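Right, one structure below, let's go through it.
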There are 2 protein chains.
Amino acid sequence: MILTLREGRLHVLVVERGEAPFRGMPALPGGFLNHDREEILDAAHRELNEETALASNWVHLEQLAVYGDSDRDPRGRVISVAHLAIAPGLPDPLAGTDATDASWVPAEAVLSGEVELAFDHRRIATDGIEHARTKLEFSSLATAFCEEEFTIAELQQVYEAVWGTKLDTRNFYRKVQAAKGFIIPVGTDRRSTGGRPARLYRAGPKTVLFPPLIQPTPSATEENPNGEEE
Amino acid sequence: MILTLREGRLHVLVVERGEAPFRGMPALPGGFLNHDREEILDAAHRELNEETALASNWVHLEQLAVYGDSDRDPRGRVISVAHLAIAPGLPDPLAGTDATDASWVPAEAVLSGEVELAFDHRRIATDGIEHARTKLEFSSLATAFCEEEFTIAELQQVYEAVWGTKLDTRNFYRKVQAAKGFIIPVGTDRRSTGGRPARLYRAGPKTVLFPPLIQPTPSATEENPNGEEE
DNA sequence: CCCCTTCTTGTGAAGTTGACAATAACTGAG
DNA sequence: CTCAGTTATTGTCAACTTCACAAGAAGGGG
């Protein structure tokens, strides 16, 4: 599953299936091992490249889980190793790719079921998005959604888009800078669209965030309605 | 990989290989799908039962990751779906099991390389133990190491054994009880070995812990040696 | 020069964590 | 019954962290 940020919202790449089963229905991009010697991670990189023509050394790519239910593909037993790829915002046309019938759909549309996916791909997408949401808290994964150089405001937009929440700007600045090794200042500024120039940062060496950036709990106010205690 | 607690320490179940390759060397228990229709999770349960004769509805069992490097098995391409099983302390002899050549080895011995495992099983074991350590922080996984009814002191021993640290008893009591839905009191006590009876608890409905129980950082004191600041 | 836009920063109150030791409840021996 | 031994359980204060909250800084354009 390939995730990116477009217009401040989380999007998933889907391809329209050209063959049965589920012909014409959107599905997560994927494919089979080319030969017996192909490494699984290499195959994931290859598929990623075929779908997005992305310089694959730039994108984050990790293994998610295995989906192997015997009835998940009507053609027979297919065991899929789901991977999660994350890339900075990509252009809409996806020009020059094999799959011209590929498109970005908002993550919300997949989660809500508004867009139906082939096979058990909705389940996979749900798991993957949940994985990304959780991992934003404890890892530097958010930088994978950004270009090489980014501003703190952009990084905040990543968190807000993936979590679907609004964050306090001042506290966000303090926290990301407190997590040493998360982001490191480049030194130069970026001329913005008519405002104060923003400092640029690059992803730091640390992949685990400490202290973590905890997702605000929507149930914080309704947590203890009438103060029940032992 | 099957983990348990024995004598207050984390142990891994290994079986001595009866055939080449790696004949006579310890390996993680495992096997192949029986037939084309067998579900992966069912197969994991089956293997677990064959090795430990455990009532498999009692043990925690979850998927870990896929290991599919083309050269990880000299016989040819083998793709393994690693699973993590966790059970309360089991008797030593492992009587009545298929694998009479099975034994518990301390996790430390595997991590340090003191005990060498066949294939890439040391890598798998390392990943699995690390997974368990992390998951103790944010989930109720620790209760899987305990019997149905357990005391807070026993639960603390789980954390200390898996993390390899000592924890403050009073703070531990406060934290586990603050995480609503983690453990729920049974009401009865257990007559202990000559001390004050301990209250018994069962695992609560919540699987995610909030607030989490953070692993103490050994580097807390040496974090900022000479206070370097911007 | 002024207004607009965007980025950046500080403070005080409230809550949380971590270090620390005394007491409660039972068992078994005398 | 009493006492010693053993294990389980609980409270407090200081240090730290988090949250809520608004004003100023730096550039662009008219």
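Convention: sequence-line order gives letters A, B, ...; per-chain numbering from 1. Values below: all heavy atoms of this structure, side chains included; hydrogens, waters and symmetry mates excluded. All values derive from a computational prediction rather than experimental measurement.
For the contact set between residues 152-172 of chain B and DNA chain C, defined by any heavy atom under 4.0 Å, the members are B/Asp168, B/Arg170, B/Asn171. For the segment residues 137-148 of chain B, the set of residues with a heavy atom within less than 4.0 Å of an atom of DNA chain D is empty.
A residue-by-residue look at A/Gln177 and B/Gly195 shows that A/Gln177 has its nearest nucleotide of DNA chain C further toward the 5' end. Along DNA chain D, the nucleotide nearest A/Asp189 and the nucleotide nearest A/Pro211 are compared for position; the residue whose nucleotide lies closer to the 5' end is A/Pro211.
Side-chain contact between A/Asp168 and A/Tyr173 is absent, with no heavy atoms from C-beta onward closer than 4.5 Å.
With a heavy-atom cut-off of 4.0 Å to chain A, the contacted part of DNA chain C has its first and last nucleotide at C/dT5 to C/dG10.
If you look at B/Phe138 and A/Phe138, their ring centroids are closer than 6.0 Å.
With B/His83 as the fixed residue, the side-chain contact (heavy atoms from CB on, under 4.5 Å) test singles out one of B/Leu41, B/Leu64, B/Leu48: B/Leu41.
A/Arg190 and A/Glu154 are joined by a salt bridge, as a carboxylate oxygen and a charged side-chain nitrogen come within less than 4.0 angstrom of each other.
An OP1 or OP2 oxygen of D/dT9 is reached within less than 4.0 angstrom by a side-chain nitrogen or oxygen of B/Tyr173. Residue A/Arg190 has no polar side-chain atom (N or O) positioned under 4.0 Å from OP1 or OP2 of D/dA26.
Within the model, atoms CD1 of A/Ile152 and SG of A/Cys146 stand 11.0 Å from one another, a figure rounded to the nearest 0.5 Å. For the atom pair CG of A/Leu28 and CZ of A/Arg123, the computed distance is 13.0 Å after rounding to the nearest 0.5 Å.
Heavy-atom contacts from other residues, nucleotides or ligands closer than 6.0 Å to CD of B/Glu116 number 12 or fewer. More than 12 heavy atoms of other residues, nucleotides or ligands lie within 6.0 Å of CZ in B/Arg133, so this atom counts as buried by the packing criterion.
Relative to the side chain of B/Arg174, the nucleotides D/dT12, D/dG27, D/dT9 differ in distance, and D/dT12 lies closest.
B/Glu62 and B/His60 are linked by a side-chain donor-acceptor pair at a separation below 3.5 angstrom, with hydrogens and angles left out of the test. Between the side chains of A/Asn171 and A/Arg174, at least one donor-acceptor pair of N or O atoms lies under 3.5 Å. Donor-acceptor pairing under 3.5 Å is recorded for the side chains of A/Gln177 and A/Tyr201.
Regarding A/Arg196, its CZ atom lies at a distance of 14 Å from the P atom of D/dG24, rounded to whole Å.
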